[in-house]
Amino acid sequence: MIQLLINTDPISEGYVILITGLLIVFSALVILALFFNYGLPVMLYIYKIITKGKDKKISEIKVKGDSGFTGEISAVIGASVHMYLSEQHDIESGILTIKQVKKTYSPWSSKIYGIQNRL
Amino acid sequence: MKKLIIIFSALSLLLFIRPVLGLGANINSETATSVTTAQVDLTEDESVLDGAFDGIKKFYSYTGFANSTSGNVIMIIIGIIFIYLGIKFDYEPLLLIPIGAGVILGNIPFVAGNQTGIYETGSVLNYLYFGVVKGIYPPLIFLGIGAMTDFSSLIANPKLMLLGGAAQIGVFATFLGALYLGFNLPEAGAIGIIGGADGPTAIFLSSKLANGINIMPDGTTVKNLIGPIAIAAYSYMALVPVIQPPLMRMLISKKDRKIKMKPPRAVTQKEKMIFPVVALILTTFISPSALPLLGMLFFGNLLKESGRTERLADTARTKLIDIVTILLGVTVGASTQADIFITKDSMLIFGLGAISFVIATCGGLLFAKFMNLFLKEGNKINPLIGAAGVSAVPDSARVVHTEGLKSDPSNYLLMHAMAPNVSGVIGSAIAAGIILSFLG
């Protein structure tokens, strides 16, 4: 490689790198694009077939016991949760007071030294 | 007492006049010393003041005023301009402000030999600069970028990946241009990567190829071009909103600019999880030299998409990348020390950088037009998004978006432009790997 680099003129070497480099970059991205266009759906499909019926975690919620549960009931529950979460004003105490701001005494900010007019 | 005040005021006047004259410091140094000797004559009879004056003179010789050269002053002004651009025009302020501050930091004149400067072994800045010289910071930045980036628009429309490849023509064209201008192969490779419009990649590659340490086959040492290349890459990245719109308007017709693209399909979480793993394996098998960059990029993305490591992803995309950006920005800025930075090479690199951005943008735009020839009506892409193929995430995508809005206020291209944008990052990292494997 070293011998090759010495012997070849940098410009022609540059052209070689230009063309091969561009080709490689393109081919890499083309392969990626092809994979995500065609390979990935196939993979996902195969995965789906393999795991069919085995996936215990995600199962339908049984509706047997909830025959009396109508959309109206769920709407009421939803509305009440919404009211509870968004209208929290009602919980606030109605007593309005002015908070007393008490500063701790500090000689640095004491007014008395300014009034007496002496240091 | 009066005399003391006079001497002091004379001295302070001298100190303040100095930087004004400092533009030609070497010429003015003689007149400056003659003035000081005149001052010494005045105070000859006061022996107590003499010692104090000697001290002051020594102190003065250590100050920046005494050591400043025209180069330092110019670079400090450039640093201030960077900060100004970042604040006033909001051009990538996260980069330009640290770099601008770094430029000022690196160009404060000092007396060599006290372990102050960034190029002096043992100085604090030198230790921080280590991460740049050894290419440590760029992969860490890529980790954060990976944890930030949403690849779903790319997964939804994989053919847009080609646009990211097309823009890499800027890299190789600049490489060739640099060769014609007389740079040797490794240097030209490092300069070429400016066209990738990716700061971390540019720093990574230049730290491997043009680091001032490597020895060429014919026995010469390569030049240290990390500073100029990084500054050129980052400043042109910041100037993307200035460089790209005129090219877009020039190359893409009004009718094409109004093309509306189909909204990308919804991408499942499974696909998003598979993407980083597969892309990591495929790209690094093709270009193993880019492993530090691509590996970290996809690793960061996996952290984000796996759904189990939100904590790690969160750190990578906020705290970690912030810390590294601060260190990288300041040290890259400081590496522009005037005596090393202001050379003919740097000017050439800046020129080549501008050309490479233009070529890369044109490459992306034209390739998008070319792709449109093969696409069916209704499935066509808006050629503007080709410009986002130069990485510069996410600035170029934003530029495409605003440019699209200008010609049709209801055409939102941001989502589509992100696809070539992120594939541009991948493409430029692969290109860096290829150049590294050819020339490293």
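Every chain is numbered from 1 and lettered A, B, ... according to where its sequence line falls, protein lines coming before strand lines.
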* Asked: Can the ring centroids of B/F367 and A/F26 be said to lie less than 6.0 angstrom from one another?
  -> yes
* For B/F285, is it the side chain, the backbone, both, or neither that has a heavy atom closer than 4.5 Å to a heavy atom of chain A? -> neither
* Crowding at CD1, B/I169 (>12 non-hydrogen neighbours, <6.0 Å) -> no
* To do: Select one option (side chain, backbone, both, neither) describing which atoms of A/L44 are under 4.5 Å from chain B's heavy atoms.
  => side chain
* Most heavy-atom pairs under 4.5 angstrom with chain B, which of A/I19, A/L22, A/L34? -> A/L22
* To do: With a 4.5 angstrom heavy-atom cut-off, could you sort out which part of A/F35 is near chain B: side chain, backbone, both or neither?
  => side chain
* To do: Please flag which part of A/L40 lies under 4.5 Å from any non-hydrogen atom of chain B: side chain, backbone, both or neither.
  => side chain
* Structure fact -> Output for pair (B/L160 CG, A/L29 CG), nearest 0.5 Å, gives 11.5 Å
* **Gap between atom CG of A/L23 and atom CZ of B/F172 - 0.5 Å precision** => 9.5 Å
* To the nearest 0.5 Å, how far apart are CE in A/M43 and CD1 in B/I274? -> 4.5 Å
* Top residue by heavy-atom pair count (under 4.5 Å) with chain B, among A/I31, A/V16, A/L32? -> A/L32
* How long is the span from the CG atom in A/L18 to the CD1 atom in B/I435, to the nearest 0.5 Å? -> 10.0 Å
* **Top contributor to chain A interface from B/K159, B/Q168, B/E271 [non-hydrogen pairs under 4.5 Å]** => B/E271
* Contact class of B/A166 relative to chain A, heavy atoms under 4.5 angstrom -> both
* Drop me the distance from A/F36's CZ to B/L282's CG, to the nearest 0.5 angstrom. => 7.5 Å
* To do: Answer with side chain, backbone, both or neither: which region of A/T20 has an atom nearer than 4.5 Å to a non-hydrogen atom of chain B?
  => side chain
* Identify which part of B/I426 has an atom lying under 4.5 Å from any heavy atom of chain A, answering side chain, backbone, both or neither. => side chain
* Asked: In Å and rounded to the nearest 0.5 Å, what is the CD1 to CD1 distance from B/I434 to A/I24?
  -> 4.5 Å
